[in-house]
Number of protein chains: 2
Amino acid sequence: MEKKQRKLPDSCGLGPALAVIGGKWKALLLWQIHQAQPCRFGELKRLQPEISEKMLIQHLREMEADGIIHREVFHQVPPRVEYSVTPEGAELDLALAPLAEWGKKHQERTEKAKAGAARAARTAAEGVTLG
Amino acid sequence: MEKKQRKLPDSCGLGPALAVIGGKWKALLLWQIHQAQPCRFGELKRLQPEISEKMLIQHLREMEADGIIHREVFHQVPPRVEYSVTPEGAELDLALAPLAEWGKKHQERTEKAKAGAARAARTAAEGVTLG
DNA sequence: TAGGTACCTTACTTTTTTGTCTGTACTTGC
DNA sequence: GCAAGTACAGACAAAAAAGTAAGGTACCTA
C-alpha cells in the first residue's frame, strides 16, 4: 500500500489531525459517510463521480486504519461492503465544523474582494475613456 | 511562483480552508506568528530550523496572499521585515483549536493502542516460550 | 577587498500524491 | 458464451509539493 505520507510537524496536535484528514477527498468522504450512514462503496462512488476508484479505496482504507471509519463486509454474492463513521470519526467531523465555517466565510470574502477588484478595474477603464 | 495547488473538492467550506492551511508548515507558522507577534523572518527561521528558507518564504507569501498574515517591511539596513497575523488569521487559529484538540487525543489513543499491541505481542511470546 | 547580516530569488532535483488503465472473482440475465 | 454488476488490486505515469544549492542586493565592519 502506498503509505509513506509526508511527515507533518507536530504544531500542538494539528500535525496528526492534518495527517488523518489531509488527503484530497478525505474530509468530503467523512462528511458524506456521516450523512448517509451506513454507506456502500458503490454509493460513495455514485455520490462523488469525480474521485477515481483507486483513490476512493485508498482513502477509505487509510481512514479505516486511522480508526475514523468502520468497514463491514457482508459475505454475499455480489459482494457488499458498508462504511460507517466510528465515534472517533464523528468527533473529528465535529471538530472540523468551525474550520468549515471559517472556510465558507473566507471564500465569501475572497469572492467579494475579487468582485470589488473587477468593479474597480471597470471604473478605472471608464475613467480613462472619459478622461 | 509555484502556485497551482491541487484543487480540493468543496465539502462545505472545508476545501477552501484546507487550501489555506494545508501546506506542510503553514499551521505551525500561523501558530508561531500568533504567539510571538510581531515576528521577524530570521526569528521564524531560528524557531523552526527544519524548514528551508525557500519553503518559509513561499509559505509566508501564500499566507499573506490568503490574507491570514500581514507583512511589514521597514526600509532599513540591514533590512527588517515583520510578520503578524491579521484578524482573519486569528479567527482561523481559533477555528483550528478543536481540530488540534482532536489531533492530540487521537495521537494519545494511537500511542496507547501501539503500546497495547506491543504488550500483547510480548505476552503472546511468553505464552509460547512457556507453553 | 573579503566577509558578514538579513531577506529573499531562481534553477533544478527528489519525494509524495493523485490519476489512468487494466485485471480479478463471482454470479445473474440473455 | 458474453455482458453487466460489485468491490477491489496493481503497474505505471503525471502532477504537485517540498527540498537543495547557489546567487543577489545593499550596506557595514575589519
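Note that these values count all heavy atoms, side chains included, but never hydrogens, waters or copies made by symmetry.
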Q: Decide, yes or no, whether a salt bridge links A/Glu108 with A/Lys105 under the criterion of side-chain N to carboxylate O below 4.0 Å.
A: no
Q: Could you state the atom-to-atom distance from NZ of A/Lys54 to P of D/dA15 in whole Å?
A: 15 Å
Q: Please name all residues satisfying ring-ring contact (aromatic ring centres under 6.0 Å, His included) with A/His34, sequence neighbours left out, ordered by chain then number.
A: none
Q: Rounded to the nearest angstrom, tell me the gap between atom CD in B/Glu62 and atom P in D/dA18.
A: 8 Å
Q: For A/His75, answer base if it contacts any base atom (sugar-phosphate contacts may also be present), sugar-phosphate if it contacts only those atoms, and nothing otherwise; contact means non-hydrogen atoms under 4.0 Å.
A: nothing
Q | A/Lys24 vs C/dG19: side-chain N/O to OP1/OP2 distance below 4.0 Å | A | yes
Q) Taking OP1 and OP2 of C/dT18, is either one under 4.0 Å from a side-chain nitrogen or oxygen of A/His59? A) yes
**Q.** Spacing between B/Gln76 atom CD and C/dT5 atom C1', to the nearest angstrom
**A.** 13 Å
Protein and nucleotides 1-8 of chain D: nitrogen or oxygen contacts under 3.5 angstrom:
from: D/dT6; atom 1: O3'; to: A/Arg40; atom 2: NH2; distance (Å): 3.0
from: D/dT6; atom 1: O3'; to: A/Pro79; atom 2: O; distance (Å): 3.1
from: D/dA7; atom 1: OP1; to: A/Arg40; atom 2: NE; distance (Å): 3.0
from: D/dA7; atom 1: OP1; to: A/Arg40; atom 2: NH2; distance (Å): 2.7
from: D/dA7; atom 1: OP1; to: A/Val81; atom 2: N; distance (Å): 3.4
from: D/dA7; atom 1: OP2; to: A/Gly42; atom 2: N; distance (Å): 3.0
from: D/dC8; atom 1: OP1; to: A/Arg61; atom 2: NH2; distance (Å): 2.8
from: D/dC8; atom 1: OP1; to: A/Arg71; atom 2: NE; distance (Å): 3.3
from: D/dC8; atom 1: OP1; to: A/Arg71; atom 2: NH2; distance (Å): 2.4
from: D/dC8; atom 1: OP2; to: A/Tyr83; atom 2: OH; distance (Å): 2.8
from: D/dC8; atom 1: N4; to: A/Glu53; atom 2: OE1; distance (Å): 2.6

**Q.** Carboxylate-amine/guanidinium contact B/Arg46 B/Glu43, below 4.0 Å
**A.** no
Q) Quick one: B/Gln48 CD to D/dA18 C1', roughly how many Å, whole number? A) 15 Å
Q) Expressed in angstrom and rounded to an integer, what is the separation of A/Met55 atom CE from D/dA9 atom P? A) 14 Å
Q.
Tell me the interatomic distance from A/Ile51, atom CD1, to C/dG19, atom P, rounded to whole angstroms.
A. 7 Å
Q) For the pair made of CD in B/Gln58 and C1' in D/dA18, what is the distance, rounded to whole Å? A) 8 Å
Q. Do the side chains of A/Val85 and A/Gln37 get nearer than 4.5 Å, heavy atoms only?
A. yes
Q | Electrostatic pair A/Glu82-A/Arg80, nearest N-O below 4.0 angstrom | A | yes
Q. For B/Leu44 and C/dA6, what is the distance between atoms CG and C1' respectively, to the nearest whole Å?
A. 13 Å
Q. Have B/Glu64 and B/His70 got a donor and an acceptor in their side chains that come within less than 3.5 Å?
A. no
**Q.** Close side-chain approach of B/Val20 and A/Trp102, heavy atoms under 4.5 Å
**A.** yes
